[in-house]
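Report on the structure given below.
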Number of protein chains: 2
Amino acid sequence: MSISERKKKILAAVVDEYVRTAEPVGSKAIASKAGLGCSSATIRNELAELVSLGYLEQPHTSAGRVPTPMGYRMYVNELMEKQRLSLEETEDINRRMNQKLRELDDTISDVSRLASQLTDYPALALTTRTAVTIKRFDIIYVDANTFIIVVMLSDNTVKNKLVKLPVSVDQKLVQRLAILFNSGFTGITEGAVTPLLIHSTERAADDTMGVTSVIAAFAIEVLTEAAAPSAYVSGENRLLNQPEFRDPDKAHRLMGYLSGGGYILPPDQRMEEAGEIKVLIGPENVAEELKDSSVVIATYDAGDNTKGMIGVVGPTRMDYSAVAAKLSILAAGLSRRLGSGEAPPEGMHNKLIIKGDTGNE
Amino acid sequence: MSISERKKKILAAVVDEYVRTAEPVGSKAIASKAGLGCSSATIRNELAELVSLGYLEQPHTSAGRVPTPMGYRMYVNELMEKQRLSLEETEDINRRMNQKLRELDDTISDVSRLASQLTDYPALALTTRTAVTIKRFDIIYVDANTFIIVVMLSDNTVKNKLVKLPVSVDQKLVQRLAILFNSGFTGITEGAVTPLLIHSTERAADDTMGVTSVIAAFAIEVLTEAAAPSAYVSGENRLLNQPEFRDPDKAHRLMGYLSGGGYILPPDQRMEEAGEIKVLIGPENVAEELKDSSVVIATYDAGDNTKGMIGVVGPTRMDYSAVAAKLSILAAGLSRRLGSGEAPPEGMHNKLIIKGDTGNE
DNA sequence: GTTGGCACTCTTTCCTTTCGAGTGCTAATA
DNA sequence: TATTAGCACTCGAAAGGAAAGAGTGCCAAC
């Protein structure tokens, strides 16, 4: 499994060069570039071995070498220089992120856009929320036909809805309902909102106008929406920057998949610890559409049982090092912001842990 | 300016055929297809004249003819069959729309997505809001450190924000502030929120904790956001379906422009009446990036001084007829929904008025 | 005014040739 | 035993050229 130090250096050089140029790289190029003092002929021998070991392949005889997914995996796991962004870059990212962050949902799409800008790949952001409940119900009486429902959830987000009814409603009734909902509908998840519960609330409030069901419907809607994982994709068009997507059909297929909010992570993979970075290379992806693309994902902690992921999609020939570093900073920023609910400490450099499949099958 | 009836028929046939096939259309194809009883040689003569009149052009000698922007303009203005969608189609669109509509902002992006699905072109939706003011302020006291600001705007949207303070705040103070904001900050636009006003409110409430400025900041934020035009673009990737965008660079340029929320309408064009459809063909667009694309836009009435637009972007070779019909239904549905704030009457077929530049230069 | 016919034009497609980068192998060298 | 120089070989990409085909423009006939 382990290979000589020189082979590693050569493999790293091939990956670096191929990432940069998108052209198969030849023995001469490596000899002149990588600082190992040997001639192209030696390199050729090594390359041939790397091919037979499965780390590299040739598009055809007499072309240079190109890394296989296994080669990339080796690179990501062992060879890649954990890129340290300069202080300026880090601060730039943090500054741009701070400009964007406000509330949870807004934030996520903004940060996904930011990730796409920074990396020049399409970016996606997902949140999975678990077991959200309603913490508190308020109803603001506006006029006889109108009131506003305000719901505060266990993750401290607040949702509201303006309700206009065709009939007049007594302010007293609304007050009664607010009290009843506050005792009956708080602390429960969506599944627990049963017709029975709604019905008994309606009776207890002496509601003959059907207001109860309107409010209950909103409660269900809010709970459902909050529990559902949400996904944002931005910068799909940046795919077209990549030479491997010059074929419009290929680009189209992948973009369609991304826009459709196709799931990215294998369902059996549990969400990683916040701060970790996951790299899925080519065939390691489960989705057919991603089999020859790579995905880099950073997990962040949005507090209160909510974990989120932010990632980018690109060709397997991806600048894993730079992408991982940038995502890491974004994720850390999000964790700080969302996890605590407090203003973030600035300028913190953070550890970079990379995880992913090991290359064995 | 006006041309013979037969020329019109031929022009229409060229456009129809070219829209369908994306290939230059020859005299034979027209002779066999269009129901005018004359031979290809006659058609050739007519075609030659249409070219010299500027309605058609040839990519090169000995290729078929392709409509010029002026040809499309003629087609849109005079020749196009105002397409009637079948009752089923209309109902399908209405049904799908009804599933999506909830609140203004959500809605618009959803409808834009729907428009893109229906037409298979990228779609965009914009709202310009004029003179939004705050109608009503409520503050919900949650606990000593926490309260929720709820703001109802003149367009009947409701915004809220959860505020967590590092210090304890008296419930009385919050109540005083709610009353003061309700009298001082309602009915005014963003520009009228002056430091002076904030300061005097702060004094009147006897607020030494800086709560006033937090609430005022939210008021400003909400007003600013509400007054700003918002734009959504969806389905950019559908561009890649069109043969004219098989060149990735071309596609990329346009997609980048669209994603960037580039402005579409010429700034001097005032918003049209709701229900009208505007067609901008190729060079009629002001933006350089759109010079060889077409835009079809429907205006809808979102009630309360708010007009919105929903449109699609595609190659000049666009199925104007079908697109216009579909957008028209969507816009009508939106007007009904948003304009009145009431549930829409179902299944209504509506008039289709097409407007646009006249072809004179 | 319309039509059939025919020569002409220009693109598209396919085939062939050439060119060159990069390899694999062998024999010489340290 | 590991490294290197040298060289024949391979295979794709690029360039050139011929053939095919679609469609025109124009002329003479109706």
Side-chain angles (χ1 to χ4, degrees), chain A residues 3-11 13-18 20-68 71 243-244 246-247 317, chain B residues 3-11 13-18 20-68 71 243-244 246-247 317:
Chain A
I3 55 179
S4 82
E5 210 51 39
R6 191 171 64 188
K7 280 201 182 59
K8 285 186 182 174
K9 270 196 185 147
I10 292 177
L11 176 54
V14 172
V15 173
D16 284 336
E17 192 65 8
Y18 183 60
R20 209 171 55 80
T21 62
E23 301 279 314
V25 352
S27 53
K28 239 180 240 164
I30 298 175
S32 71
K33 186 174 160 276
L36 17 87
C38 58
S39 78
S40 67
T42 313
I43 308 260
R44 275 204 290 285
N45 290 331
E46 295 281 54
L47 286 175
E49 283 185 59
L50 282 167
V51 168
S52 70
L53 287 170
Y55 294 110
L56 296 176
E57 65 188 352
Q58 301 178 274
H60 53 269
T61 345
S62 96
R65 304 309 206 284
V66 164
T68 60
E244 26 273 278
R246 291 202 70 77
D247 171 14
R317 181 191 62 78
Chain B
I3 56 179
S4 84
E5 211 51 41
R6 191 172 63 186
K7 279 201 182 57
K8 285 184 183 176
K9 271 197 184 143
I10 292 176
L11 177 53
V14 172
V15 173
D16 283 335
E17 192 64 9
Y18 184 60
R20 210 170 54 79
T21 63
E23 301 279 312
V25 352
S27 53
K28 239 180 239 165
I30 297 176
S32 70
K33 186 174 162 272
L36 15 88
C38 57
S39 77
S40 67
T42 315
I43 309 262
R44 276 205 287 285
N45 290 331
E46 295 281 53
L47 286 177
E49 284 186 59
L50 282 168
V51 168
S52 70
L53 287 170
Y55 292 110
L56 296 177
E57 63 186 355
Q58 301 180 273
H60 53 268
T61 347
S62 95
R65 305 308 207 283
V66 164
T68 60
E244 25 274 278
R246 291 202 69 76
D247 172 14
R317 180 191 62 79

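Just so it is clear: chains get the letters A, B, ... in the order the sequence lines come, proteins before strands, and each one is counted from 1.
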Closest contact, heavy atoms only, A:Ala29 versus A:Ser32: O-OG, 3.0 Å
Minimum side-chain heavy-atom gap B:Leu47-B:Val14 below 4.5 Å: yes
Euclidean distance, atom CZ of residue A:Arg6 to atom C1' of D:dT1 [Å, nearest integer]: 12 Å
Interface residues of residues 42-49 of chain B with DNA chain C (non-hydrogen, below 4.0 angstrom): B:Thr42, B:Arg44, B:Asn45
B:Ile10 CD1 to C:dT2 C1', straight-line distance once rounded to whole Å: 13 Å
Given C:dT23, C:dT3, C:dT9, the nucleotide with the shortest approach to the side chain of A:Gln58: C:dT23
Closest heavy-atom pair and its distance - B:Tyr18, B:Glu244: OH-OE1, 4.5 Å
Length of the NZ-P vector between B:Lys7 and C:dG1, whole Å: 10 Å
B:Lys28 atom NZ: more than 12 heavy-atom contacts under 6.0 Å: no
Whole angstrom value for the distance that separates C1' of D:dG23 from CG of B:Leu56: 15 Å
Pairwise 5' ranking along DNA chain C for A:Gly26 and B:Pro59, keeping only the more 5' one: B:Pro59
Sugar-phosphate, base or nothing in reach of B:Ser27, heavy atoms under 4.0 Å: sugar-phosphate
Polar pair under 3.5 Å, donor/acceptor by atom type, side chain B:Ser62, base C:dT9: yes
Contact under 4.0 Å: B:Arg65 side-chain N or O vs D:dT24 OP1/OP2: yes
d(NE2, A:His60; P, D:dT10) in whole Å: 14 Å
Considering all heavy atoms, the nearest B:Pro243-B:Ala22 contact: CG-CB, 3.8 Å
Nucleotide C:dA21, atom P - distance to CD of A:Glu17 in whole Å: 16 Å
Spacing of A:Ile30 atom CD1 relative to C:dA21 atom P, expressed in whole Å: 17 Å
Gap separating the NZ atom of B:Lys9 from the CD1 atom of B:Ile3, nearest 0.5 angstrom: 13.0 Å
Side-chain N or O of B:Thr61 closer than 4.0 Å to phosphate OP1/OP2 of C:dT9: no
Sugar-phosphate only, base, or nothing, as touched by A:Ala63 at under 4.0 Å among non-hydrogen atoms: sugar-phosphate
Side chain to side chain contact (heavy atoms under 4.5 Å, CB included) assessment of A:Leu56 paired with A:Thr68: CA-CA 5 Å; A:Leu56 296 176; A:Thr68 60; 5.5 Å; no
B:Lys28 NZ - C:dG4 C1' separation (whole Å): 12 Å
